[in-house]
There are 2 protein chains.
Amino acid sequence: MARSKTEKRDPATSLALLWGEQEPPRRGPRPSLTTARIVVVAIGIADAEGLDAVSMQRVAAELDVTTMALYRYVPGKADLVDLMVDAALGPAAAVADVPGGWRPQLAAWARRSWGLYCRHPWILTATAMRRQAMGPNQLSWLDAALAALAGTGLSAAHRHHTVLLVIGHIRSLAQQRADGDEQADQEWNRLTAELLERHRDRFPALTEAIAAGAFAPPDDDPLDFGLERILDGVAALIERS
Amino acid sequence: MARSKTEKRDPATSLALLWGEQEPPRRGPRPSLTTARIVVVAIGIADAEGLDAVSMQRVAAELDVTTMALYRYVPGKADLVDLMVDAALGPAAAVADVPGGWRPQLAAWARRSWGLYCRHPWILTATAMRRQAMGPNQLSWLDAALAALAGTGLSAAHRHHTVLLVIGHIRSLAQQRADGDEQADQEWNRLTAELLERHRDRFPALTEAIAAGAFAPPDDDPLDFGLERILDGVAALIERS
DNA sequence: ACTCAATTGCTTATGCAGTACACAGTAACT
DNA sequence: AGTTACTGTGTACTGCATAAGCAATTGAGT
């Protein structure tokens, strides 16, 4: 099967970079750049124009250096993206002091996580379907969510799966959000709706649901419905055990 | 913000192709290929070597034609991928005859959907974070899930959100599965675990969860936990209303 | 102070990707 | 037979990631 691209990364080097575990150079000219500065610029591009706009050439141009200069700081693009993700995540927000126990805490965690995906939608693509090196910030988010579930009596495996479930929901929302937002997509939606109308007999339940307003823009927070269902389900599991 | 790539597609043309709504050519030499044949070959490559291995050149070579010949059948790569997705999905399985009401039906739907993502993991990337043209098969899957929820008394919006919640879970699992399966990834996991151990004080809950076996390979179906939680949550909502 | 090795940024070059364009041949409609 | 709509092909352009070699810069060891 397949990892993305040719998979030439050296895990040890990549992880050392991601965790900031590498000795500064002893000799040679002073570096004119920092890994951090490169990452900041790259994130800026991704925020403004999407992940596809982040090419090595583009980042280098923004920094007024040659493309190849970047390779003195970062082994390759994959590592740069990993760094971007971890930097964009930042350290996890503390939710331990949210009152009310695991449920409000996990909800707060989800809400902040969701906010992150809204501010940096490219995180979704950056972490999708590729071996992704996990940096300290990413782990801190995971840790925070697990901490919220610590007192529930759930097994470790169940706690872990619960967190993954919530993350999955958030990512799923981020995905949908990326799909429907922009004006160019209106044309797609219009034409698809037309097609659906023409084949309405093949999709009775869908046709009916649309007629009943299933796809109308919601007025409440899109995160809420799924999050409440999931937390209800988890609550039921907790009570049962 | 940003769609992937330069966004030069014509929605009308792309959708017509996807829905098979285009008149066959009246004159000229017989086409030596079919769109369908191209798609089958492309899916074969994606199944065997991942989506990254699917390049126009590669597909063309497999079919013994020039790269540019493909463009007589498909406007561009994005459209090819859309066709691949819809073809790989196939028509939705009927779950209306699954006994026991909405819950077993939706569970059965989820299970078949999950099977699809297992057989064709590239579907995840293919549908991630890009404007994706929805073809008839994709809509039929959506329709089938909505049909399962038709008798529940849920509002159309809630039915829709419920389906999206389940899809999100499935995709989330597919994502995780893509991450951890392969032998090359063992090295990553080992080194990450080492790093985590060295910084264990920064991630107490995570460290504790791992020690308690949270990441041990599960013996039951990975789909089950999340699916049951979600369905429990939905069931609670249905009872309440 | 002098030498040397490590490290910098730059230049040049390779290979692969998607795709635009113009050509020559082919089959149906007039 | 001629026109027209189509076919597959060759060539070419652009953008991408990245490898290799070069000259300049610096600190450590003498």
Side-chain angles (χ1 to χ4, degrees), chain A residues 2-10 13-14 17 22-35 37-38 42 45-46 49-84 125-126 130, chain B residues 2-10 13-14 17 22-35 37-38 42 45-46 49-84 125-126 130:
Chain A
R3 275 291 123 266
S4 71
K5 298 305 165 189
T6 26
E7 191 79 28
K8 276 204 200 166
R9 308 172 65 184
D10 170 29
T13 310
S14 299
L17 179 62
Q22 33 175 32
E23 319 119 39
R26 305 239 161 278
R27 317 179 192 197
R30 278 86 182 244
S32 61
L33 298 175
T34 337
T35 312
R37 206 154 85 83
I38 295 174
I45 297 173
E49 301 170 48
L51 194 59
D52 286 328
V54 179
S55 68
M56 297 303 267
Q57 359 241 336
R58 177 70 192 282
V59 174
E62 213 101 339
L63 286 162
D64 273 310
V65 290
T66 345
T67 308
M68 291 313 291
L70 298 182
Y71 287 87
R72 297 284 177 203
Y73 300 85
V74 164
K77 190 181 178 179
D79 296 270
L80 174 57
V81 173
D82 285 341
L83 285 166
M84 288 170 64
T125 354
R130 36 185 299 273
Chain B
R3 275 293 121 266
S4 72
K5 297 304 165 190
T6 27
E7 191 78 29
K8 276 204 197 168
R9 307 173 64 183
D10 170 28
T13 309
S14 298
L17 179 62
Q22 31 175 32
E23 319 121 37
R26 304 240 161 280
R27 316 179 191 197
R30 277 88 184 240
S32 61
L33 298 176
T34 335
T35 312
R37 206 153 86 84
I38 295 173
I45 298 172
E49 301 170 48
L51 195 57
D52 287 326
V54 179
S55 68
M56 296 305 267
Q57 1 241 331
R58 177 70 192 281
V59 174
E62 213 101 340
L63 286 162
D64 273 308
V65 289
T66 346
T67 307
M68 291 313 291
L70 299 183
Y71 287 86
R72 297 284 175 204
Y73 299 85
V74 165
K77 190 180 180 180
D79 296 271
L80 175 56
V81 173
D82 285 340
L83 285 166
M84 288 169 65
T125 351
R130 38 186 296 272

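For the numbers below, each heavy atom of this structure counts, side chains included, while hydrogens, waters and symmetry mates do not. Throughout, a chain's letter reflects where its sequence line sits, starting with A, and its residues are numbered from 1.
Residues passing the side-chain hydrogen bond (donor to acceptor under 3.5 Å, both in side chains) test with A:Thr13 are A:Asp10, sequence neighbours excluded. Checked against side-chain hydrogen bond (donor to acceptor under 3.5 Å, both in side chains), B:Ser32 has no partners two or more places apart in sequence or in another chain. The salt bridge (charged side-chain N to carboxylate O under 4.0 Å, His left out) check on B:Arg58 picks up B:Glu49, B:Glu62, with sequence neighbours excluded.
Atom-to-atom distance recorded for A:Met84:CE and A:Ile45:CD1 is 8.0 Å, nearest 0.5 angstrom. We find the CG-CG distance between A:Asp82 and A:Leu17 to be 9.0 Å, quoted to the nearest 0.5 Å. With rounding to the nearest 0.5 Å, the separation of CG in B:Asp52 from OG1 in B:Thr125 is 7.5 Å.
Remark: P of C:dA6 and CZ of A:Arg26 are 13 Å apart, rounded to the nearest angstrom. In this structure, the CD atom of B:Gln22 is 17 Å from the P atom of D:dA5, given to the nearest Å. Residue A:Asp64 contributes atom CG, which lies 14 Å from atom C1' of C:dC10 at whole-angstrom precision. One atom, CG of B:Leu63, and another, C1' of D:dT9, lie 16 Å apart when rounded to the nearest Å.
Heavy atoms of B:Ala69 sit under 4.0 angstrom from at least one base atom.
OP1 and OP2 of C:dC4 both lie 4.0 Å or more from every side-chain N or O belonging to A:Arg27.
Of all non-hydrogen atoms in A:Val54 and A:Ala42, the two that sit nearest each other are CG2-O, 3.6 Å.
In the set D:dT9, C:dG9, D:dT7, C:dG9 carries the atom at the smallest distance from any side-chain atom of A:Tyr73.
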* **Secondary-structure notation, DNA chain C, from Watson-Crick and G-U pairs under 3.5 angstrom (| other strand)** => |.|||||.||||||||||||||||||||||
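For residues 64-80 of chain A, the set of pairs meeting the side-chain hydrogen bond (donor to acceptor under 3.5 Å, both in side chains) definition, not counting sequence neighbours, comprises A:Arg9-A:Asp79, A:Ser14-A:Asp79.
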* Structure fact -> Contact string for nucleotides 15-25 of chain C, one letter per nucleotide 5' to 3', B = base within protein heavy-atom range under 4.0 Å, S = sugar-phosphate only, - = neither, reads --BBBBBB--B
